Participant: 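Have a look at the structure that comes next, please.
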Amino acid sequence: MSGTSLRVAVVGAGIAGAACARALADAGHAVQVFDKSRGVGGRMSTRRVTSVAGTDAMLGLDHGTPCFAATGADFLGFVEQGQRVGLLARWTPRLAHGAALPGGAFWVATPDMPALCRALLKDLPLHTLCTVDGVRRSGATWSLESAGVTVADGFDAVALAIPPQQAAALLDVHRPDWAARAQAVPMLPVWVLMGTTDAPATGCDWDLALPASGPLALVVRNDAKPARTVLAGQAQWVVHATPDWTGAHLDTPPDQVQAMLQAALADCVGGALAWRFAAVHRWLYATLAAAPGDEPAAGAWWDAGMGLGVCGDALAGGGVEGAWRSGRALAALVTAAASGDQT
Ligand SMILES: Cc1cc2nc3c(=O)[nH]c(=O)nc-3n(C[C@H](O)[C@H](O)[C@H](O)COP(=O)(O)OP(=O)(O)OC[C@H]3O[C@@H](n4cnc5c(N)ncnc54)[C@H](O)[C@@H]3O)c2cc1C
């Protein structure tokens with residue numbers, strides 16, 4: 001690598017990749033972003049629903065992270081700036097059983113969760129529906145491959161912003177030590193039920209529940225979040241199974257999972273619910289499993305000699321905040337290397 005402006009491929013358009021790409025572009029690098037999905041956001045995702053019980057509707061159910069906390073001063077500054085421009089909103093849900101919300105308020109992107117990544121990636125070259133299954137180094141430059149075809153080349157550096165188990169497959173040829181570390185990162189799976197029902201007959205005066213037992217870890221009233229579509233007389237639900245329950249039902253057919261989670265939700269709200277729309281989604285790598293006493297990891301991996309880096313939630317303590325910080329940490333390392341500072 002030479003000079004101060006590098007050509008960088010960022011693989012993954014979740015919050016880590018988006019934050020990394022934005023910081024690189026702001027530092028003057030020529031960035032291109034690649035993602036296998038149709039849109040951006042990764043695990044900050046929203047399912048579009050266009051029809052509810054045969055009636056046209058337009059609503060979004062946040063079936064990835066429902067909301068997130070901001071604890072560090074750097075991330076808090078970022079989300080407050082997002083709030084000022086109407087991209088993020090503070091959410092203080094009413095908790096079931098009068099419980100107190102640990103840590104105060106949460107944050108949500110508006111009008112949907114991917115909006116944050118869309119804003120960060122605005123004006124940057126973005127290639128969606130592009131699964132990168134190989135990164136090849138030839139001389140001093142990198143190319144990206146998908147299904148045996150070179151999809152882009154001529155990059156000075158590659159930043160992998162994808163979950164560790166998926167990064168491992170791409171790292172194996174270049175940094176087998178990183179591949180082994182990535183493979184060993186403990187990530188938790190989550191089955192998610194999302195849908196709409198008639199408003200519960202039992203009356204339900206809360207927006208968020210954290211059941212202490214049973215298959216459910218979290219119940220969210222999606223329509224109670226800021227700037228979400230509200231359908232009169234209906235309730236919108238996003239329900240997370242516990243990692244243990246999910247692990248025991250990883251290969252259970254989705255229709256059976258849906259029925260079991262619907263029954264668990266009925267128990268939680270104290271009565272049967274009349275469903276109008278329902279779907280389930282299985283996240284194999286939803287969140288980082290933190291062991292008690294774990295220190296947040298350093299932030300990002302960067303091999304300046306190769307021009308290869310890795311970022312993502314798993315490298316900086318997990319969650320949206322960790323992913324954002326990791327993406328920016330990798331961008332700072334790339335920029336430092338480009339300006340000749342290898343420290
Ligand atoms: C159900 C659920 C609940 C959660 N709850 C919370 C919460 O309460 N609070 C919180 O802070 N966090 C929560 N999280 C975690 C949070 O969403 C993640 O930590 C964060 O969004 C991870 O961002 P990332 O950019 O590191 O990874 P991702 O969001 O996973 O982004 C990776 C991107 O890479 C793409 N990709 C993967 N492989 C390839 C490939 N080979 N080629 C091209 N593209 C590829 C993917 O499509 C994706 O867009 C939750 C997550 C889930 C799923």
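Computed from heavy atoms alone, side chains included, the values below leave out hydrogens, waters and symmetry copies. Every number for a ligand or one of its atoms is a count from 1 in the order of the listing. Throughout, numbering of the chain's residues begins at 1 and tracks the sequence. These numbers come from a predicted model, not from an experiment.
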Participant: Donor-acceptor pairs under 3.5 Å, side chain of residues 6-23 to any protein atom, not counting sequence neighbours: which ones?
Facilitator:
from: Arg7; atom 1: NE; to: Gly154; atom 2: O; distance (Å): 3.1
from: Arg7; atom 1: NE; to: Asp156; atom 2: OD2; distance (Å): 3.2
from: Arg7; atom 1: NH1; to: Gly154; atom 2: O; distance (Å): 3.3
from: Arg7; atom 1: NH2; to: Asp156; atom 2: OD1; distance (Å): 2.9
from: Arg22; atom 1: NE; to: Leu120; atom 2: O; distance (Å): 2.8
from: Arg22; atom 1: NH1; to: Asp26; atom 2: OD1; distance (Å): 3.2
from: Arg22; atom 1: NH2; to: Leu120; atom 2: O; distance (Å): 3.0
from: Arg22; atom 1: NH2; to: Lys122; atom 2: O; distance (Å): 2.8

Participant: How does the hydrophobic cluster around Val149 look, that is, which other residues are in it when side-chain heavy atoms under 4.5 Å mark a link?
Facilitator: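 Direct or chained contacts put Val149 with none.
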
Participant: Would you call Arg94 and Asp207 a salt bridge, taking side-chain N to carboxylate O under 4.0 Å as the test?
Facilitator: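 Salt bridge flag = yes for Asp207 with Arg94.
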
Participant: Would you mind writing out the side-chain donor-acceptor pairs for residues 255-270 within the sub-3.5 Å range, not counting sequence neighbours?
Facilitator:
none

Participant: Would His174 and Trp142 count as a ring pair (Phe, Tyr, Trp, His ring centres under 6.0 Å) here? Give the steps.
Facilitator: CA-CA 12 Å; His174 308 287; Trp142 289 94; 4.8 Å; yes

Participant: Filter the ligand 1-protein atom pairs down to N or O on both sides and distance under 3.5 Å, then list them.
Facilitator:
from: ligand 1; atom 1: 5 (N); to: Thr65; atom 2: OG1; distance (Å): 3.4
from: ligand 1; atom 1: 8 (O); to: Cys67; atom 2: O; distance (Å): 3.4
from: ligand 1; atom 1: 9 (N); to: Cys67; atom 2: O; distance (Å): 3.4
from: ligand 1; atom 1: 11 (O); to: Val320; atom 2: N; distance (Å): 2.9
from: ligand 1; atom 1: 19 (O); to: Asp313; atom 2: OD2; distance (Å): 2.7
from: ligand 1; atom 1: 19 (O); to: Gly319; atom 2: N; distance (Å): 3.4
from: ligand 1; atom 1: 19 (O); to: Gly319; atom 2: O; distance (Å): 3.3
from: ligand 1; atom 1: 25 (O); to: Ile15; atom 2: N; distance (Å): 3.2
from: ligand 1; atom 1: 25 (O); to: Ala16; atom 2: N; distance (Å): 2.9
from: ligand 1; atom 1: 26 (O); to: Asp313; atom 2: N; distance (Å): 3.0
from: ligand 1; atom 1: 27 (O); to: Arg43; atom 2: NH2; distance (Å): 3.0
from: ligand 1; atom 1: 29 (O); to: Arg43; atom 2: N; distance (Å): 2.8
from: ligand 1; atom 1: 30 (O); to: Arg43; atom 2: NE; distance (Å): 2.7
from: ligand 1; atom 1: 30 (O); to: Arg43; atom 2: NH2; distance (Å): 3.2
from: ligand 1; atom 1: 38 (N); to: Gln166; atom 2: OE1; distance (Å): 3.4
from: ligand 1; atom 1: 41 (N); to: Val132; atom 2: O; distance (Å): 2.9
from: ligand 1; atom 1: 42 (N); to: Val132; atom 2: N; distance (Å): 2.9
from: ligand 1; atom 1: 44 (N); to: Lys36; atom 2: N; distance (Å): 3.0
from: ligand 1; atom 1: 47 (O); to: Asp35; atom 2: OD1; distance (Å): 2.7
from: ligand 1; atom 1: 47 (O); to: Ser37; atom 2: OG; distance (Å): 3.1
from: ligand 1; atom 1: 49 (O); to: Asp35; atom 2: OD1; distance (Å): 3.4
from: ligand 1; atom 1: 49 (O); to: Asp35; atom 2: OD2; distance (Å): 2.6
from: ligand 1; atom 1: 49 (O); to: Gly42; atom 2: N; distance (Å): 3.4

Participant: For Thr197 and Trp237, which I'm curious about, is there any donor-acceptor pair between the side chains at under 3.5 Å?
Facilitator: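 Yes.
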
